[in-house]
Structures are given as structure tokens and as C-alpha cells.
Amino acid sequence: MPPEAPIPATPPGVPPSTFQSSPNLVAFDPKDVVPTQSVYLQRNDAIAFTAISNITGNSIKIDYRWLTPEGEIKEGETVIPPFTGNATVIVNLYEGWLLSFSARLTGAGVAGGWTWLAGTIIRPGYIPAAMFNHALLWGGFIYGNVSSGWPGTPAKELTDGPGVIRTITGSTPAAGADINEVVPSQRRWLLLTFQAALTTSVAVANRVPIFFTDDGANILFNGSGVFTQAASLTQRYNVSPVIPSQVVASGAQPMSSFIPLPLRAGFRIKTVTSGIQPGDQWTAPQYSVLEWGSWDN
Amino acid sequence: MDGSAVFGVGVGLMGQLRLKCNSCGATYPDTRQTGSLTYFHQCPDEVIDTPEVQDNKGNIVTPAKLKPVANPRNENLKPHPDKPREFVMVSEGNGVTELE
């Protein structure tokens, strides 16, 4: 009888934890079972994640889970790389039921920023025009500090919600030029406030700033105040729905406009200063808007 | 540009890099840095060519003459005509010059 191997002494102290593993106790038999959701991904189907944002260079991390025909739940992740404007990534799951996806901005949220994402079942085409969109799974806003996705947060259209308050410093015009701000593509604004200052040169002339809004071609509204600015003065102007009958003694002079003022992409907010001289200088306009994205342009 | 000034002892007011449009001469904050909120400059259609002339009572003697901006810049994005799912600027114009 061979001698028994010596039994090693148990080291003192609390025994170390042991790694435990076991197969899932729950299995799924998807054969002849009605799926939990009505959209089943066939082998040539794919999921397109389309994002639009007013944040420069942000990226989106999307995690998803799906149930394979073999009854196994798989997990995956995709990232929409840093983009400006719009971006799309396409994910192929081969075959199965999509169980969930959640998305989050990889960077911190930005005050005044918004990002909207939609997940769509597609049959990919070489060009977007040849791509078949079969079903919209979910659309909604994505944040930096918390995830959103499907199923979970209720879907929202791009124009839903209260809008995002943005304060914008516009373009400083060249000397002798007027202010010209344009609502960007794929945006919808509600103008809340608008102000800028005009410094007139020594050239003798009476300047009268007029506030204009147009749709890019047709004037929608124009209004001025009661103040005539002479040479060598600096005066600040605010748009206001109320114009007093006399010049304001100090502070900003009002220019007439309806506010809040709804605007869509391509609409312009500008000044036309009667009597402006080559050495006159407007500051960059400072204005606040409620902003939404928009797909209709 | 959205943001706030940073104040501190011994620290000056640091502005963001600005761009100057070489088509219309306007200057605006550079929002190309990651995390900035987008701002798309678009040149006006017309600028003053010859200013208005008034008499000593402020009446217009000669109205201002306007001229179109040559080769205007429009930074708004449009779908790339050759590359699906990519976007390009509507028109570069005469480009921009970086200022500080």
C-alpha cells in the first residue's frame, strides 16, 4: 500500500473565497413560442442607430442584448464615433430577438446641449436612398450622466419636450456691416432675447437700427425703436415687444419685435441700420433661444 | 458660443479662439472643439457698398448702395454628394483665418 501523500496544513486566518460558477438555471425554448416583441431580426436585417446633436465631437455608447434562436442571451456594444451634426452606425445581429438597448453620451453633458438617437430595423443598402427602413424601435434624447433606451424611457420625437435653453454669442460683423444671424439647418428656435451694441464713428449721420426677421427671402417682421443714434456714441439695443413713446434715459434702447418669436431653419435675425457708416461697429449679438432639432429641412 | 468667463487672481479673461470669415469679414467663436455647442456662420447676402448720405437735418440725400457678398461662406451641413452618411459644409467661401 503506497504511503499517503501528506495532508498540507491549513494556513491560519480566514479561508480565501473560492470562485464559483454554474450554468444558467433558466433556459429558453423559443421554438413555437410567440416572441416577446413583434419585431424579429432576420439574417439580412440590421439595426441602424441614427443620432443628431448640437454638441461638437460627442460620441455615443450603445449597449444591447438579444436572444438567439438557440435560447442564449448575447450582449453587444457599439459606439457612434465623435461626430458633428448627424451620424449613423449599423449593427448586424445575424438572427434573433432584440431584447434591449441603452445609449449614453461618452462625454459629460453640456449646458444647452441635446442629443437625440433613433434605433431602426433596416435592410442595408449601398446608399441611404437604397436602404429599407422597416420599423422604428425607439427614438429619444440621450444624456451624459444617465442612460436612455428601449424598452425603458418613453420614446420622444425630435421636436418633443420643452426645448433646450441656449445662449448664443453670434458673429461680430465687419466694420460698417449689420448683424446677420441664421437659424442653422435641422434646427427650430424660439427667440427669447436679443441684444447688441452699436458704436458709431465720428462720421456725422443719424443711425436708426431696425430689427428684421425673414425666411431667407421674404421679410416677416421689421421694427425699430424711437432712438436715433448720432456720431461717436455707443448704445446697446434690446428687442422688445413694448416700445416706449420716449427715448430711454439710460440703459438699453428697445427695438420692436414679437418675442418669443418662433423661427425655423434658414430664417434670419438681422439688423438693418439706416444711415450706417463705414466706421460703425456692431458688437456680436448675444441672444437666447429655446432650441429643438428638426428633420424637415 | 455658450460658456462663462473664468475669473481668478492673476488670471486674465481668456476667450475662446475666434475665426474670421474671409468672405464677409465677420468674426465668431471657434466651436470646432469637442464639447462645444455648434454654431454655423453664414455670410449675409449683401453688404454696404456706398454708405447713405444725409443732409445736416438727417434727411437722406443719397441712399446706401448694397453689393452682394462675393463667394459667401455657409457653414451649415448638407449630405455629402459622393459619400453616403457623411456631411459637408454648404459652401467654404474664401475660408477662415484663426484669430486669438
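Proteins get letters first, then strands, A, B, ... in listed order; numbering begins at 1 in each. The structure presented is a predicted model; accordingly, all values stated were derived computationally and were not measured.
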K.L.:
Which heavy atom of B/T38 sits nearest to which heavy atom of A/I55, and what is that distance?
P.N.:
CG2-C, 4.3 Å
K.L.:
Is there a donor-acceptor pair under 3.5 Å between the side chain of B/E52 and the backbone N or O of A/I276?
P.N.:
no
K.L.:
Is it the case that over 12 heavy atoms from other parts of the model lie below 6.0 angstrom from the CG atom of A/N145?
P.N.:
no
K.L.:
Looking at B/E75, B/K20, B/H41, which makes the most heavy-atom pairs under 4.5 Å with chain A?
P.N.:
B/H41
K.L.:
As an exercise: rank A/G216, A/A284, A/A205, A/G176 by heavy-atom pairs under 4.5 Å with chain B and give me the winner.
P.N.:
A/A205
K.L.:
Report yes or no: does A/N54 contribute a side-chain atom to a donor-acceptor pair with the main-chain N or O of B/L37 at less than 3.5 Å?
P.N.:
no
K.L.:
Answer with side chain, backbone, both or neither: which region of A/V110 has an atom nearer than 4.5 Å to a non-hydrogen atom of chain B?
P.N.:
side chain
K.L.:
Any side-chain to backbone donor/acceptor pair from B/Y39 onto A/S171? Under 3.5 Å, distance only.
P.N.:
yes
K.L.:
Taking every heavy-atom pair that is under 4.5 Å apart, which of A/L105, A/V182, A/T228 has the most such pairs with chain B?
P.N.:
A/V182
K.L.:
For the candidates B/T34, B/D55, B/I48, which exhibits the highest count of non-hydrogen atom pairs separated by less than 4.5 Å from chain A?
P.N.:
B/T34
K.L.:
Is A/P82 in contact with chain B via its backbone, its side chain, both, or neither, using a 4.5 Å heavy-atom distance?
P.N.:
neither
K.L.:
Can you confirm whether A/R268 sits close enough to B/D45 that some side-chain heavy atom of one is under 4.5 Å from a side-chain heavy atom of the other?
P.N.:
yes
K.L.:
Using non-hydrogen atoms only, which part of B/Q54 is less than 4.5 Å away from chain A: side chain, backbone, both, or neither?
P.N.:
side chain
K.L.:
Report yes or no: do B/R18 and A/T172 form a side-chain donor-acceptor pair below 3.5 Å?
P.N.:
yes
K.L.:
Under 4.5 Å heavy-atom distance to chain B, tell me which part of A/S274 shows up: side chain, backbone, both or neither.
P.N.:
both
K.L.:
Using the side-chain contact (heavy atoms from CB on, under 4.5 Å) rule, pick out the option among B/C43, B/P44, B/C24 that qualifies with A/N180.
P.N.:
B/P44
K.L.:
Kindly give the heavy-atom pair with the smallest separation between A/T169 and B/P29, and that separation in Å.
P.N.:
O-CD, 4.0 Å
